[in-house]
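In what follows, a single structure is set out as structure tokens and then discussed.
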2 protein chains.
Amino acid sequence: MNAPGQTISPSCSDCPIRHRAVCARCDSEELEQLEAIKYYRSFEAGQTIIWSGDKMDFVGSVVSGIATLTQTMEDGRTQMVGLLLPSDFVGRPGRDGAAYDVVATTDIVMCCFRRKPFEQLMDATPHIAHRLLEMTLDELDAAREWMLVLGRKTAREKIASLLSIIGRRDASLGTNGSSGPMVFDLPLTREAMADYLGLTLETVSRQMSALKKDGVIRLEGKRHVTIPDMGRLMEEAGDDSDGGVFG
Amino acid sequence: MNAPGQTISPSCSDCPIRHRAVCARCDSEELEQLEAIKYYRSFEAGQTIIWSGDKMDFVGSVVSGIATLTQTMEDGRTQMVGLLLPSDFVGRPGRDGAAYDVVATTDIVMCCFRRKPFEQLMDATPHIAHRLLEMTLDELDAAREWMLVLGRKTAREKIASLLSIIGRRDASLGTNGSSGPMVFDLPLTREAMADYLGLTLETVSRQMSALKKDGVIRLEGKRHVTIPDMGRLMEEAGDDSDGGVFG
DNA sequence: CGATGCATTGACCTGTGTCAAGCCCTGTGG
DNA sequence: CCACAGGGCTTGACACAGGTCAATGCATCG
């Protein structure tokens, strides 16, 4: 617990997640109201942002960086239940207690709102509630897609699924030219991947090696991944290889 | 509960799911508007209500009966991603295509709304949107809880988890006196249980037998279950045995 | 330099899947 | 009334994917 501290608030209009976050649909007047109650907080990689069961007195959006949502059983088994990327929303209006641990995987900046004022604002401005509904429905779809991965896919397919999801996200953020091989850095350790996939880190490591040996992926160092053929990867993931848009 | 088809509309005020469904928060005027666009449909056990990928021109609520939400891979592996009980909502405003198969497990009655009028109504009446957000957040929590079950629990724990969920639901519908052993009928075949739990039906069967042998449950016939000690069952499920309310 | 944290690899074990036989109902038709 | 077929379920024998335990490699950091 050292210095996760306030940062100066840049204006919402310059915000990198302006049109993807909860505030996406707000008009300029609504934005002012939000701006009045917002504040930034940053956390270092590895810090726990919220402890499951703790009182949640704020909600907010990830501005930059990555965090994970995890559940832990008494004996220590843990399952990641969500991956929070820039623009994703954290917290649940209408509930005090946090249901999951939220942990910063990289250094992270969050745009926070105290919960009560935010809830009032939500009641007053349908644009916020509407956008939140939309985002929640998307997350529900993602969670259900993940249920198929967890329940029915083999270890190799699970790894391929994770890589293709991360790859697609990076593509949608325009990091890559849309043609040619896809290249990105894994934002997760082997252990975090295992927690996401319901595997052990040894199995993750073995399957990464296997995919590499079979030419499905290339690895430089432990984290830097190249995917020469996205279609091939999606076959390995057991998905329809024809890259349907989504949902 | 026989012929699939339209049924006479009873008034919303007599509706058994009046204060749990999307319409829960509507005032009488809003209810009238909903009433104007609603219609009932019934389906027989085993019928597919919606095919994944099909155009969805309606949304609606389960009034009575049980349905499942499932995803299927090309090679036939299937995973249940949701269990729809009375008052649960089906369909996603703002999207044409269904993302999952919806199958009636028992005979079922649904209260349907054509999608477009419903969406308009949703924009006009915040009570509906608000309630839908609340329900979607609950479903998201349930999906995430299920991710832990799928990813990290053993077969025995999975079975115990499923039984305890079904048991708790039945209790919340007041079927049981809140004390004494809990008794209910399984609404699912062994195969459906397997699809829910990410197991094979053989493993489900074996673990049911094991739980029975160990006195955790009692079985009369294949479906009628008695749970003499709920705390014991929850230990078997790997959950905190102190029956905390919920999330 | 050793220490520390992540990752890889190997050897072995076990829980769950697979394949196959057979049981118990219920319903149907001779 | 019996025979029989079919669906749901149970049980057994065996195989294998993935877990467990343990050793080692490879950076980075003080």
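Below, chains carry the letters A, B, ... as their sequence lines are ordered, and counting in each starts from 1.
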Assign B:Arg77 to base, sugar-phosphate, or nothing according to its heavy-atom contacts below 4.0 angstrom with the strands shown. nothing
Is the shortest heavy-atom distance from the side chain of B:Ile165 to the side chain of B:Arg168 under 4.5 Å? yes
Do any pairs count as a ring-ring contact (aromatic ring centres under 6.0 Å, His included) and have a residue in residues 50-84 of chain B, sequence neighbours left out, and if so which ones? none
Note: A:Arg92-B:Asp138 ion pair, threshold 4.0 Å (strictly below): yes
For the student: nearest non-hydrogen atoms of B:Ile50 and B:Ala98, plus distance: CG2-CB, 3.4 Å
B:Ser209 side chain to B:Ser205 backbone, donor-acceptor under 3.5 Å: yes
Is there any protein nitrogen or oxygen under 3.5 Å from a nitrogen or oxygen in nucleotides 27-30 of chain D, and what are the pairs?
none

So does B:Val81 get a backbone contact from the side chain of B:Gln71, meaning a donor-acceptor N/O pair under 3.5 Å? no
Protein-nucleotide distance (B:Lys222, atom NZ; D:dG8, atom P), rounded to Å: 12 Å
Applied to residues 153-162 of chain B, the salt bridge (Lys or Arg N to Asp or Glu O under 4.0 Å) test, sequence neighbours excluded, yields A:Arg77-B:Glu157, B:Lys153-B:Asp239, B:Arg156-B:Asp214, B:Arg156-B:Glu236
Go through it in stages, so that I can follow the logic: the residues are A:Tyr100 and A:Val90, the test is side chain to side chain contact (heavy atoms under 4.5 Å, CB included), and I'd like the CA-CA distance, side-chain angles, deciding distance and then a yes or no. CA-CA 10 Å; A:Tyr100 317 101; A:Val90 180; over 6 Å; no
Residues from residues 198-206 of chain B lying under 4.0 Å of DNA chain C - heavy atoms: B:Gly198, B:Leu199, B:Thr200, B:Glu202, B:Thr203, B:Arg206
Interatomic distance where CZ belongs to A:Arg223 and P belongs to D:dC26 [whole Å]: 18 Å
Going by heavy atoms closer than 4.0 Å, what residues in residues 209-220 of chain B are next to DNA chain C? none
Heavy atoms of chain A, cut-off under 4.0 Å: which first and last nucleotide of DNA chain C, 5' to 3', fall inside that, if you could look? C:dA7 to C:dA11
Any side-chain to backbone donor/acceptor pair from B:Ser87 onto B:Ile17? Under 3.5 Å, distance only. no
Tell me every residue that passes side-chain contact (heavy atoms from CB on, under 4.5 Å) with B:Ala67, counting only those two or more places apart in sequence or in another chain. B:Ile49, B:Leu84, B:Val102, B:Ile108
Counterpart residues, side-chain contact (heavy atoms from CB on, under 4.5 Å), relative to B:Thr203 (two or more places apart): B:Ala155, B:Leu199, B:Thr200, B:Gln207
Five-pair end axes of the helix from C:dC1-D:dG30 to C:dG30-D:dC1 and the angle they enclose, rounded to 10°: 20°
Please state how far atom CG in B:Asp195 lies from atom P in D:dG8, giving the value in whole angstrom units. 13 Å
What residues 153-165 of chain B contributes to the DNA chain D interface at heavy-atom separation below 4.0 Å is none
Gap between atoms CZ and C1', on B:Arg152 and D:dG18 respectively (whole Å): 12 Å
How about B:Arg144 and B:Leu140: do any of their side-chain heavy atoms sit closer than 4.5 Å? yes
Using modelled atom types and a 3.5 Å cut-off, is there a donor and acceptor pairing between side-chain atoms of A:Asp107 and backbone atoms of A:Glu44? no
Would a 4.5 Å heavy-atom cut-off, applied to side chains only, mark B:Met193 and B:Ile166 as touching? no
Among all residues two or more places apart in sequence or in another chain, which pass the side-chain contact (heavy atoms from CB on, under 4.5 Å) test with A:Ala142? none
Short question: side chain of B:Thr106, backbone of B:Ile66 - any donor-acceptor pair under 3.5 Å? yes
Side chain to side chain donor-acceptor pair (under 3.5 Å) pairs touching residues 186-199 of chain B, sequence neighbours excluded, are A:Arg152-B:Asp195, B:Thr78-B:Asp195
Please tell me if the side chains of A:Met182 and A:Asp170 come closer than 4.5 Å, counting only heavy atoms from C-beta onward. no
